[in-house]
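Reckoned from all heavy atoms, side chains included, excluding hydrogens, waters and symmetry mates. Below, chain A is the first sequence line, B the second, and so on; all start at residue 1.
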4 protein chains.
Amino acid sequence: MDKRVDARKQPRQARSQATVEAILVAAARVLEREGSRAFTTNRVAEVAGVSVGSLYQYFPNKEALIVALHDRHGRAMHRVIGDALADGAHATLREAVAAVVRGMLAAHADEPELHRVLEHEYASFDERTSAPDTGFDIYREVRRLLRRHAGEVRVADRELAAWAVAHTVHALVHAAVLEPPRRRRRGALEGAIVDVVLAYLAVPSTSR
Amino acid sequence: MDKRVDARKQPRQARSQATVEAILVAAARVLEREGSRAFTTNRVAEVAGVSVGSLYQYFPNKEALIVALHDRHGRAMHRVIGDALADGAHATLREAVAAVVRGMLAAHADEPELHRVLEHEYASFDERTSAPDTGFDIYREVRRLLRRHAGEVRVADRELAAWAVAHTVHALVHAAVLEPPRRRRRGALEGAIVDVVLAYLAVPSTSR
Amino acid sequence: MDKRVDARKQPRQARSQATVEAILVAAARVLEREGSRAFTTNRVAEVAGVSVGSLYQYFPNKEALIVALHDRHGRAMHRVIGDALADGAHATLREAVAAVVRGMLAAHADEPELHRVLEHEYASFDERTSAPDTGFDIYREVRRLLRRHAGEVRVADRELAAWAVAHTVHALVHAAVLEPPRRRRRGALEGAIVDVVLAYLAVPSTSR
Amino acid sequence: MDKRVDARKQPRQARSQATVEAILVAAARVLEREGSRAFTTNRVAEVAGVSVGSLYQYFPNKEALIVALHDRHGRAMHRVIGDALADGAHATLREAVAAVVRGMLAAHADEPELHRVLEHEYASFDERTSAPDTGFDIYREVRRLLRRHAGEVRVADRELAAWAVAHTVHALVHAAVLEPPRRRRRGALEGAIVDVVLAYLAVPSTSR
DNA sequence: TATGAATGAGCATTCATTCAT
DNA sequence: GATGAATGAATGCTCATTCAT
């Protein structure tokens, strides 16, 4: 029996939407500033300025909060990448990748802790919980990116490359905001991330 | 006031050492197979076949188990890298990196879930917990690697490169055992990881 | 870092106040009838007919129960003494002391065991516990008493006398309800206590 | 079924006696310096420099430690009073009482905390525990004192007076070492205690 | 709808006591 | 006798969730 994690009901009135919004903002705030230990439904409700009961009116359980936040973040990333791939937005692969990296860094800069915690909480759900796919398939996005700039991509196995690039960018963006090397500006980190990706994509892969 | 997480007492008798070992094995097993939610001291003791009391005889609290496991893993990784860098072990940078990647993949293959969970639990400790540094500084290792093969390294900022490489390898190794792309063998993933690293290190970085 | 022992939240609704009251009554009952060993938060909640959770809603920890009970008792004693010292209440020192002793005996008669246990538990708090002063300073009360009836008091060191009287009355009242001598009625004990105090205060103290 | 609290076995060899002694000294030390919370059999054994097993060789359970310490203290008090009442030791009642008070103060001065804690622990034993009477009956002692100096005693009910005196002295001696008034020397406290007792005994009691 | 008091299963941790060595 | 590793029942406390008002 799967546990429901989708929002309990769609808020239709403006007031309800405001409540849902307040709860999600509070959830993110608690996760970011107080850590996952403090992330209790009562605390979130308190920070949101509503009662626990109201929280449960819109979210069937605690996990639903995580799912909602995760989903939001996924959509934001989707937008970032979509913008970078918009028709005619960027002439070269490097420019496109740079745009994506810049967008992701910006999206993670404000609440770095949040995204690390979110990721783990989301991953540690019971198998029984059917975390609905948010419709954001990063693979697809990266594949689109590689296809669109196929001329500049030398790697033989494009699917494998998409896997490597997706995980590399994700990890380096997180590292950039959570454990940046001493004394480097964000621009330098952005450059390094782009370099890693570009060097890989531009050079013919080892015969194997 | 820091929370102690170091081992409570050094087991001297053979019996005690066996107990400590059983507890750590059980802790890893629970984390791997039952997830962090099931990771309770009572459950760990049960799986280890000892009483909770015995667990607390050697570990001052639950976090100490995480620290011990994390520490063990850190030492193992240290060994893997150390071996790959041993004098005359590998002639080229590619061979050295491949050896490291192969060793890390092997070390993560058996209990992939464990390492993901471990990482998060370790990271989510309170500030108050003084997690002792395990003495394993991956930066230093990577820097050593780059220095030793300086001739093959083109990147201008070697420190920044060490940061990028360390995080990239770490992330891709984890991804390889946790979310591998469909139908690729481990050898192919190893190759891709090495390619990402090598391409980056071998190509002159963007002026920036 | 002090341990908080003050009430966690002020009960506002009538229902909450009833709960708090039930918990305190249960706490006193358990202490009195089952002893300090049985004084567990679960037991108190059970006797109060509420869940442990409710107990913790109003008392941050077990010690807070002791503090609350101690505080209550202190206020009651304060009232007893205050009444005995009210303007024009008693013409002579003997009458005033007798009124105080009578009031204290009455206040301790119902739950003698409770007050003994309470006293020890309260005294045995960790240094770290910041037991708030209940505002009941018996010294001050006794000093007031002696000052008001200064004409009948012969002791040279009035401060010292206050110390002696306070501790004597306290001890004898407790002894009267906990370990009374065989076959004496309460009136006789009251008389003896008053005699001890009066004789001391009325007779010029030894030169020393 | 009563719980045994008497010493488990009489140590006959010198070594055993030394062990028992070490354990009791350690018990007193822990109670005095670390409080009743820290008073665990393991801690006592550790401080005594023996193993828990050895502790249980001589004391059937934790309570037996309390009983033994209580017993020791009782015997010491008995000796103090006995000395003060020895034939021809003191000519007047005041001198005898002063000797008793001085002896008791001295006996409590070193480990004041110990005696407070001891008293409560001893009192809070389960009914089921048959704490053996140590043979020290303070009433008898005080009655002997009053009888011997009958000429100076004016109180009508000598039994009642013994009760009052015994409890008063006990309480004031404890208060003198635990909560002495500011700036008074021990001599002054001793004087005050003697004054309280003497004034009471010397003055004809109220008709009642 | 909103509230927040109430619930109680569950978890980390302690400690008196035993017993194999 | 002595040791100290092992035991496990018991305790203080938390927090997701419910439901009467």
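- Both S54(C) and N42(B) sit near DNA chain E, but only S54(C) has its closest nucleotide nearer the 5' end.
- Taking only side-chain atoms of Q57(C), from C-beta outward, the nucleotide of dG4(E), dT17(F), dA5(E) with the closest atom is dA5(E).
- Minimum atom distance to the side chain of S51(D) is reached by dT3(F), of the listed dT3(F), dT14(E), dA16(F).
- Between E46(C) and R43(C), at least one side-chain N (NZ, or NE/NH1/NH2) sits under 4.0 Å from a carboxylate O, which counts as a salt bridge.
- Taking the nucleotide of DNA chain E with the nearest heavy atom to each of R43(B) and V50(C), the more 5' of the two is matched to V50(C).
- Listed nucleotides dA5(E), dA16(F), dA6(F) differ in distance to T19(B); the shortest reach to its side chain belongs to dA6(F).
- Residue Y58(A) contributes atom OH, which lies 21 Å from atom P of dA16(F) at whole-angstrom precision.
- Between R116(D) and E113(D), at least one side-chain N (NZ, or NE/NH1/NH2) sits under 4.0 Å from a carboxylate O, which counts as a salt bridge.
- T40(C) comes within contact range of the sugar-phosphate backbone alone, with a heavy-atom separation under 4.0 Å but no base atom that close.
- In this entry dT21(F) has dA2(E) as its Watson-Crick or G-U wobble partner, both defining distances falling under 3.5 Å.
- Using a 4.0 Å cut-off between charged side-chain N and carboxylate O, R72(A) and E111(A) make no salt bridge.
- At a threshold of 4.5 Å between non-hydrogen side-chain atoms, the residues R75(A) and D71(A) count as touching.
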